[in-house]
Trainee: 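Take a look at the following structure, please.
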Amino acid sequence: MTINRATRFVDVFNAIHDAAGAMTVQTPKSPDLQELLRKLQTTLSEYLAPEPSEGILVEPDLIETEDDCTYGGGEMPRLTRAEVLHRAEQCVCGEREQDYGTPENNFDTIAEFWITYLNRACVDEDGCVYIDATDVAMMMALLKIARIAGGTGTRDSFIDLAGYAACGGECADV
C-alpha cells in the first residue's frame with residue numbers, strides 16, 4: 001500500500017504538534033517526550049525518503065540548500081563585504097518572507113516557543129538558566145517549527161528540523 005504525500009504530511013504535522021505540545025509540559029529528560037521526539041525523527045525521515053518506485057531505478061535529485069556555498073566547484077569562494085551584504089539582502093528581502101512570513105511575526109513565534117522551552121527545561125529553582133547542547137538543538141528545532149508554522153515552510157526547513165532532532169538525540173545520548 002502506498003501512502004500519498006498529503007497523508008505523510010499530516011503524519012509529520014501530527015508528530016511535530018505532539019512533540020511541541022509535550023515540550024510545554026514535560027522535562028527534556030522525560031521518557032514520554034524522548035519517545036515523541038524519536039517518533040518525530042522517524043516520521044520526518046520517512047516523509048523525506050524518496051517515493052517508492054515500481055520496477056525502475058530512480059536516482060534522487062541533489063537538494064540545493066540555503067547553506068550550499070561551494071557552487072558545485074568544491075572550493076569556497078572568497079567573499080567580499082559587499083557580496084556578504086548583497087547575499088544577506090537577497091535572503092531577508094526575497095523569498096524567505098514568502099516562505100516563513102514577516103521577520104517580525106516569525107521572530108515573535110520563535111520567542112514564544114523559546115520562552116516556553118527555556119522556562120520548562122532550563123531554569124532551576126533559583127532562577128538560574130542552564131543551557132546545554134541538547135537544549136540548543138531543541139531550540140533550533142523550535143525555530144524551524146516556527147518557520148514552518150509561519151508560512152509554507154521549505155523542504156530545507158523539514159530537513160533541518162530532522163537534523164536538529166537527530167543531533168539533539170545524539171547530544172542527549174538517549
Side-chain angles (χ1 to χ4, degrees), residues 5 8-9 12-13 15-17 19-20 23-24 28 37 40-50 58-124 127-174:
R5 194 116 174 117
R8 291 170 65 199
F9 180 77
V12 169
F13 176 81
I16 291 169
H17 181 268
M23 283 186 218
T24 64
L37 291 173
L40 173 59
Q41 182 179 1
T42 301
T43 304
L44 285 168
S45 296
E46 290 170 357
Y47 179 78
L48 296 170
V58 178
E59 292 293 325
D61 295 332
L62 285 177
I63 300 171
E64 290 185 29
T65 65
E66 298 168 354
D67 300 327
D68 184 11
C69 59
T70 61
Y71 303 101
E75 297 224 4
M76 292 179 24
R78 183 173 174 92
L79 296 175
T80 65
R81 288 176 283 204
E83 180 66 17
V84 170
L85 292 171
H86 177 70
R87 289 184 188 187
E89 178 186 27
Q90 289 175 322
C91 287
V92 299
C93 298
E95 291 181 17
R96 289 211 179 148
E97 188 162 329
Q98 295 166 5
D99 291 338
Y100 309 127
T102 66
E104 297 81 6
N105 290 341
N106 189 245
F107 292 172
D108 283 343
T109 303
I110 294 166
E112 290 174 27
F113 287 175
W114 284 7
I115 288 169
T116 301
Y117 181 85
L118 287 168
N119 281 329
R120 294 291 294 159
C122 303
V123 180
D124 68 11
C128 295
V129 177
Y130 296 94
I131 300 173
D132 63 17
T134 304
D135 297 319
V136 171
M138 293 302 91
M139 291 174 69
M140 294 304 294
L142 290 170
L143 178 141
K144 293 299 176 175
I145 292 169
R147 282 188 163 183
I148 293 164
T152 60
T154 65
R155 188 173 184 166
D156 280 348
S157 295
F158 289 98
I159 292 167
D160 290 347
L161 177 59
Y164 287 126
C167 291
E170 192 171 293
C171 291
D173 197 27
V174 291

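Everything numeric in this text was worked out from a predicted model, so none of it was measured. Sequence positions, counted from 1, serve as the residue numbers for this chain.
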Trainee: Looking only at the side chains, is there a donor atom on one of Tyr117 and Asp135 sitting less than 3.5 Å from an acceptor on the other?
Mentor: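 Yes, side-chain donor-acceptor contact under 3.5 Å.
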Trainee: With sequence neighbours excluded, what pairs up with Leu143 under the side chain to side chain contact (heavy atoms under 4.5 Å, CB included) test?
Mentor: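 Listed in chain order: Ile110, Trp114, Arg147.
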Trainee: For Leu118, which residues count as a side chain to side chain contact (heavy atoms under 4.5 Å, CB included) partner, sequence neighbours excluded?
Mentor: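 With neighbours one apart ignored, the set is Cys122, Ile131, Met139.
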Trainee: Residues in side chain to side chain contact (heavy atoms under 4.5 Å, CB included) with Glu104, at least two apart?
Mentor: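 Scan of Glu104 (side chain to side chain contact (heavy atoms under 4.5 Å, CB included), adjacent residues dropped) gives Thr102.
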Trainee: Taking all heavy atoms of Asn106 and all of Ala146, pick out the closest pair and write down the distance.
Mentor: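 Asn106 and Ala146 have their closest heavy atoms at ND2-O, 3.3 Å.
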Trainee: Got a second to check how far Met138's CE is from Thr134's OG1, nearest 0.5 Å?
Mentor: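 Atom-to-atom, Met138:CE and Thr134:OG1 are 7.0 Å apart.
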Trainee: How far apart are the closest heavy atoms of Ala137 and Cys167, and which atoms are they?
Mentor: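 Closest pair (atom of Ala137, atom of Cys167, distance): CB-C, 4.4 Å.
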Trainee: Measure across Phe113 and Ile145 and return the closest heavy-atom pair with its distance rounded to 0.1 Å.
Mentor: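 Where Phe113 meets Ile145 most closely, the heavy atoms are CE1-CG2, 3.8 Å.
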Trainee: Going by the rule side chain to side chain contact (heavy atoms under 4.5 Å, CB included), which residues pair with Glu112 if we only count those two or more places apart in sequence or in a different chain?
Mentor: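 Checked Glu112 against side chain to side chain contact (heavy atoms under 4.5 Å, CB included); zero matches.
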Trainee: How close do Ile148 and Ser157 get, heavy atom to heavy atom, and via which atoms?
Mentor: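 In this case the closest contact between Ile148 and Ser157 is CG1-CB, 3.8 Å.
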